[in-house]
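Heads up, the thing below is written out as structure tokens.
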Amino acid sequence: MTEEMNAVRRLAAEGLLAKTAAEASVQEHRRLRAALYEIAHTVVFTQLTRKLELQRGHRGCARSVLRLEAACLDRFHDDMDAVLDDVFLHATMPVHNLEGWVHGRLRFATINAYRRRRGERGALQKPRVPRWLATALGEEPRLTALAVDLLEFVGNDSVAGAAVWPVEWWAEHRAILCGDDYESAYREVVRDVGTVLAAMRSKPRWYADYVERPLGHKEHSTVPLPRTSSDGPDLAHPDGDPFRELAGVALRDIGARVALGQNPAGAATDVVTEVFVRSLGSDELDRTPGSSPWPPEFLARGLTERTVLELLEAAARAEE
């Protein structure tokens with residue numbers, strides 16, 4: 001790798017890195033990208049990732065790339081992709097200090113990429129509370145700030161799992177900010193989220209465009225997020241069969257586990273159990289607003305039909 005890294009530095013110093021990357025074959029482009037990753041990843045982690053993780057209170061994640069939790073690691077990879085793309089696009093002039101050049105463009109590259117990803121999800125690029133919503137919330141600063149948090153969350157890179165809204169995180173932040181105990185802060189956040197969502201749903205089309213649509217495009221760790229508005233078709237379950245949608249989520253998870261070397265049969269059993277069982281017991285705020293729990297008979301069907309496991313296992317094998 002040292003030789004490839006030296007080659008990247010030489011191309012950068014000659015002002016040829018962007019041109020070479022653009023004209024490279026697929027295999028050569030991969031080598032250039034891997035070498036640039038080795039050069040830039042320390043800069044990205046120390047100058048961006050570590051600071052963000054400390055702001056989130058993730059002290060373990062701030063220690064090193066190897067200590068990043070799954071969701072934090074995904075964000076780091078997104079930022080690395082943004083930086084590498086930026087270098088290969090803009091390194092058209094001689095760059096003698098590649099790390100310094102990356103550092104200088106770090107904020108620009110990652111913010112632009114983040115806004116682009118928000119746009120692809122259909123989210124507001126700069127979340128703000130419209131006048132009608134502020135009025136509906138009584139101009140209450142606590143509620144309008146939470147509304148901004150919800151609008152920011154639906155378009156950010158955080159994974160949405162069985163608990164759609166990060167209520168625990170917001171409660172921890174409020175407890176620290178206000179000096180309250182966590183349980184009191186949690187109850188207040190739960191109440192306030194319900195209030196804000198109710199106000200947002202008073203404009204069904206706006207809610208569908210700027211909350212439901214980007215939320216539906218987020219990556220989900222377990223169950224998909226069904227659509228709840230009455231002003232349009234059910235996008236999450238267009239055929240009316242939630243089992244089919246959950247099976248699709250399970251299949252993607254199984255494929256990922258098999259790719260990491262897990263036995264397909266074991267992966268199928270683990271994932272199907274996780275996808276269906278862990279959706280039980282979630283309260284109203286742990287699901288998409290307005291949705292109802294999965295029917296017990298539906299869950300039982302998903303867990304007991306051996307045919308489902310066999311089909312998912314076979315599909316997982318095909319993904320290898």
Side-chain angles (χ1 to χ4, degrees), residues 51-58 69 71-72 75 111 114-115 117-119 121-231 282-292:
K51 297 175 182 178
L52 293 176
E53 295 305 326
L54 287 173
Q55 290 176 13
R56 297 184 181 105
H58 296 183
E69 297 176 2
C72 302
R75 286 191 288 265
I111 288 178
Y114 174 70
R115 289 176 177 172
R117 292 193 299 273
R118 288 187 67 90
R121 298 183 183 113
L124 294 169
Q125 292 195 9
K126 294 183 178 181
R128 55 174 57 90
V129 176
R131 172 51 48 192
W132 65 264
L133 181 55
T135 301
L137 295 174
E139 306 288 346
E140 171 58 51
R142 184 186 73 258
L143 295 177
T144 55
L146 183 59
V148 172
D149 288 339
L150 265 75
L151 293 172
E152 195 282 328
F153 175 77
V154 298
N156 69 21
D157 298 324
S158 300
V159 174
V164 175
W165 306 110
V167 174
E168 293 184 356
W169 164 250
W170 291 336
E172 290 176 3
H173 180 72
R174 182 175 295 188
I176 294 172
L177 187 65
C178 301
D180 297 333
D181 65 276
Y182 173 77
E183 293 300 327
S184 297
Y186 183 87
R187 288 192 296 270
E188 290 178 358
V189 171
V190 167
R191 180 197 63 206
D192 289 349
V193 169
T195 299
V196 172
L197 291 174
M200 288 179 168
R201 287 197 295 268
S202 68
K203 298 278 189 179
R205 184 51 58 89
W206 183 92
Y207 183 77
D209 287 343
Y210 298 118
V211 179
E212 287 185 327
R213 180 177 60 179
L215 195 59
H217 282 85
K218 285 175 73 71
E219 181 181 353
H220 309 297
S221 61
T222 52
V223 297
L225 304 172
R227 182 180 173 89
T228 62
S229 287
S230 58
D231 64 333
S282 299
D283 59 25
E284 181 65 17
L285 284 175
D286 286 340
R287 297 187 302 274
T288 302
S291 66
S292 58

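None of these values were measured; they are calculated from a predicted model.
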Q.
Show the nearest heavy-atom pair for residues D209 and R213, with the distance to one decimal.
A. O-NE, 3.3 Å
Q) What is the minimum heavy-atom distance between A171 and A185, and which atoms define it? A) O-CB, 3.5 Å
Q: Mind listing the closest non-hydrogen atom pair of T144 and V129 along with its distance?
A: O-CG2, 3.5 Å
Q: Taking side-chain hydrogen bond (donor to acceptor under 3.5 Å, both in side chains) as the test, write out the residues that go with E139, two or more places apart.
A: R131
Q. Under a 4.5 Å cut-off applied to non-hydrogen side-chain atoms, are V211 and L150 in contact?
A. no
(Q) Measuring from atom OH of Y207 to atom CZ of R201, what distance do you get when rounded to the nearest 0.5 angstrom? (A) 5.0 Å
Q: Go through the structure and list residues passing side-chain hydrogen bond (donor to acceptor under 3.5 Å, both in side chains) with E188, not counting sequence neighbours.
A: none
Q: Could you pull out all residues at least two apart from I176 that satisfy side chain to side chain contact (heavy atoms under 4.5 Å, CB included)?
A: none
Q: Would you confirm whether S202, through its side chain, and A198, through its main-chain N or O, come within 3.5 Å as a donor-acceptor pair?
A: no
Q: Of all the heavy-atom pairs spanning A199 and L137, show the shortest one and how long it is.
A: CB-CD2, 3.7 Å
**Q.** Heavy-atom closest contact (Y186 atom, E168 atom, distance)
**A.** CE1-CG, 4.0 Å
Q. Looking at CH2 of W170 and CG of L146, how far apart are the two atoms once the value is rounded to the nearest 0.5 Å?
A. 5.5 Å
Q: Applying side-chain hydrogen bond (donor to acceptor under 3.5 Å, both in side chains), name anything that partners D192, two or more places apart in sequence or on another chain.
A: R142, R174
Q. What residues, two or more places apart in sequence or in another chain, satisfy side chain to side chain contact (heavy atoms under 4.5 Å, CB included) together with K203?
A. W132, W206
Q. Can you list the residues that meet the salt bridge (charged side-chain N to carboxylate O under 4.0 Å, His left out) rule with R187, with sequence neighbours excluded?
A. none
**Q.** Nearest non-hydrogen partners of A147 and L133, listed with the distance
**A.** CB-CD2, 4.2 Å
Q.
In the structure I gave you, are the side-chain heavy atoms of E69 and E53 within less than 4.5 Å of one another anywhere?
A. no
